Structures are given as structure tokens and as C-alpha cells.
Protein chains: 2
Amino acid sequence: MHHEPINSIRAEFIEKIGLIAQAEGMPRIAGRVFGLLVFDGQAISFADLAATLQVSRGSISSSVRLLEERGLIKRTAKPGERQDYFQLADNPYATMIDRVTRSLSRAKGEISATIAKLPTTSTDVCDRLCAYADFYGTMAATLQDAFEAPDSDQDA
Amino acid sequence: MHHEPINSIRAEFIEKIGLIAQAEGMPRIAGRVFGLLVFDGQAISFADLAATLQVSRGSISSSVRLLEERGLIKRTAKPGERQDYFQLADNPYATMIDRVTRSLSRAKGEISATIAKLPTTSTDVCDRLCAYADFYGTMAATLQDAFEAPDSDQDA
DNA sequence: AAGTTTGTTCAGTAAATACTGAACAAACTT
DNA sequence: AAGTTTGTTCAGTATTTACTGAACAAACTT
């Protein structure tokens, strides 16, 4: 049994993350950028990103902007270099969770707003909407809990 | 202060759920159907669905198929009636969570597959990918935990 | 100052997805 | 059997989103 070359492993990984990102509603190229940065671990230049992923500079520009806005990567500079460099943000996963919990809480809030408008007579509607709101609320709370303890992986 | 009519509250709720569903990657009409069924709580006919939501029968057909496949609604019948009726499935939220955890576990699995291919020399790459895989793994495990106890909302 | 490198913007295109509505088949009604 | 009701399918259209690449401005180099 002989081993797959590391570059091919890397390329496959990058594509996988592109697809995962797409499934999560993110543009595929942004996912590829993120995957590349996870794999490499070190800063890569704007031009190298475009060359490695074989996409236009425009796509790199919008992808890194999105990832920066979401706090998943950071733009850095190298002394004597004119290009922008990019690397993973400090705690990208905590930031991702934060985004998810915010979204879940927003959903819960929307439903709760409807509940608040209901006349006191429609108790059954209220019950059903509460169950729905609780669903989002529990998800949000659970995820927040699980990831807010900074660096504990074990369950005690 | 006078109250908003119940029908308007209902219509707004349905639209809200349509948007939430869309944000989660589902067709908007499917979200509206789900929202309507949550609000009403009782079975509604195929034709009434189309009429209430003001969409084509084709759209209802594909929406209810999607929701059925996902186990979120069930198709029922009324004695003496030829139309199909639809109502919420028994535990739609548990089913939703199941779907989410499956998806997260799949992501973790994809990353783990890459980790398994790495040569033993690239320990730093391994570390980063493990952190990434753990992220998905923790999310999946956490959500499963939180929702698997059938009917306990309190934290003890 | 003329020319280069670098990142952004934006108009245009490509691609994916959602929705409609007509055609259809199956089951029922008369 | 002819006609109706009912749900599905599918071709066509609409809509949304992603991506490209040329034009551009800013910063740098000569």
C-alpha cells in the first residue's frame, strides 16, 4: 500500500470543505479558501490564493471579504511585501457557533413575537408556537453552553 | 390598544416561517406549509393548502413531498373525502434535530477521512484538522444529547 | 511622471433553484 | 362509458446567486 501525495490530499480536502460550505449556504469558493487556510495553517498571499484555487481575483476579493466580515480569517501583511496575506482567525469555530446561535435566537424571537400577539383565547395555538420557539431556544442555548467554556473538551 | 385579527397574525406567522425555512436552505413554500400546519394544528386539505397560500397545485405537491420525506408532516385521509389531508408529524422537532446531527456528523466524517490519509510526519496539519473535526463532532453530540431525553426541558 | 502591482467594483454571464401551469393518469361519480 | 376530481410530473420560465474579467483607483517603483 503506497501513500497518496500530500498535495492531492490537500486538494481533496479543499474541495470537501468547499462542498460543506456550500451546503451551509456559503459560496463554494469561500469554503475553499477557508479549507485551504485550515490545511496550510500559515498565511498565504492574495495572488497565491487565486492561483492555487484557479479562480478570478474578483472571486478571491469577495470571498475573503465575506470570511473577514464573519471573523473567520484575518488579513495580515508581510514586511517588504505589497500583497495582502490571509490566515485563520484566532478562534474561528467559536465565531461560527456564535453566528449559528444568533440565527437560532432570531428565529425564536420571531416566533415569540407572534405568540405575544395571540389573544388569550387561542391557548392551543400558543402551545404549538411555544413548542416551536422552544425548539429554537433549546438549540441556541445548548450550543452556546457547549462552546462557551473556552478550552474544555471533556465532559466534567 | 386594539388587537390584530387572528387571520392577519396567522398570515404573518406563515410568512415568517417561510423566510426562516428559506434561510435554512428549504424552499419557501415548504416553509409556509409547515408554518401553516403548526399554527392551525389540525389537518388541512391539499386544495385548501393551495388556496390559502395562493400557489399552484404543483408547488403544493412538491412541498408536501419534501416535508413528508423529511418526516415533518404526515398525509392523512378523512372518511368520505377524496382529498389528501396534511398535518404535523408526531415529533417534527426531534426529526429536524436528527437531520441536523446527521449532517454535522457527515461533515466530521469527511474531515476525519482526510486526517486518516495524512502521513504521520504532518502533525500540525493533523492538529488543525482535528480541531475542525471536533468542532463538528461536538456540535453533533451536544445537540443529540440535548434532544434525546424525550420530554425533559429542565436541566436536571 | 510614466509604468507596475495590487485589490475592489461592477456589469455581464453562467448556473442552480423555485415556481407555474398544462398534460397526464388514477380513482371516483354519474 | 363519459365526465369529474385529485395529485403528480415535467417542460418552460422566473428568480436568485455565484463567478468572471475588464475597468478602475490607490499605492508603490523606476
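Order of the sequence lines sets the chain letters (A, B, ...), proteins ahead of strands, with each chain counted from 1. In this text, all values refer to a predicted model and were calculated from it rather than measured experimentally. Just the heavy atoms: all of them, side chains too, but no hydrogens, waters or symmetry mates, feed the values below.
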A:Glu24 atom CD is separated from D:dT17 atom P, nearest whole Å, by 18 Å

Item to complete: Take A:Arg32 and A:Glu15 through the salt bridge (charged side-chain N to carboxylate O under 4.0 Å, His left out) test and state the conclusion after the steps.
Response: CA-CA 6 Å; A:Arg32 288 200 270 233; A:Glu15 286 309 315; 2.9 Å; yes

note: A:Arg28, atom CZ; D:dA18, atom C1'; distance rounded to Å ~ 11 Å

Checking D:dC28, D:dT6, C:dT8 against the side chain of A:Arg82 (C-beta onward), the nearest is D:dC28

Smallest heavy-atom separation, A:Ile9 atom then B:Pro119 atom, equals CD1-CD, 4.4 Å

Residue pair A:Tyr85/A:Gln22 against DNA chain C: nearer the 5' end by closest nucleotide is A:Tyr85

In whole angstroms, the gap separating C1' of C:dT8 from CZ of A:Arg65 amounts to 8 Å

Angle class for the B:Tyr93/A:Tyr132 ring planes (parallel below 30°, perpendicular above 60°, tilted otherwise)?
parallel

Note: contacts of residues 33-64 of chain A with DNA chain C (heavy atom, under 4.0 Å) are A:Phe46, A:Arg57, A:Gly58, A:Ser61

Nearest heavy-atom approach of A:Lys108 to A:Ala133 is CG-O, 3.5 Å

Against the side chain of B:Gln83, the closest entry in C:dT9, D:dT20, D:dT6 is D:dT6

Flag yes if more than 12 heavy atoms outside A:Glu69 fall under 6.0 Å of its CD atom; otherwise flag no.
yes

When every non-hydrogen atom of B:Arg28 is compared with those of B:Gly18, the smallest separation belongs to CG-O, 3.5 Å

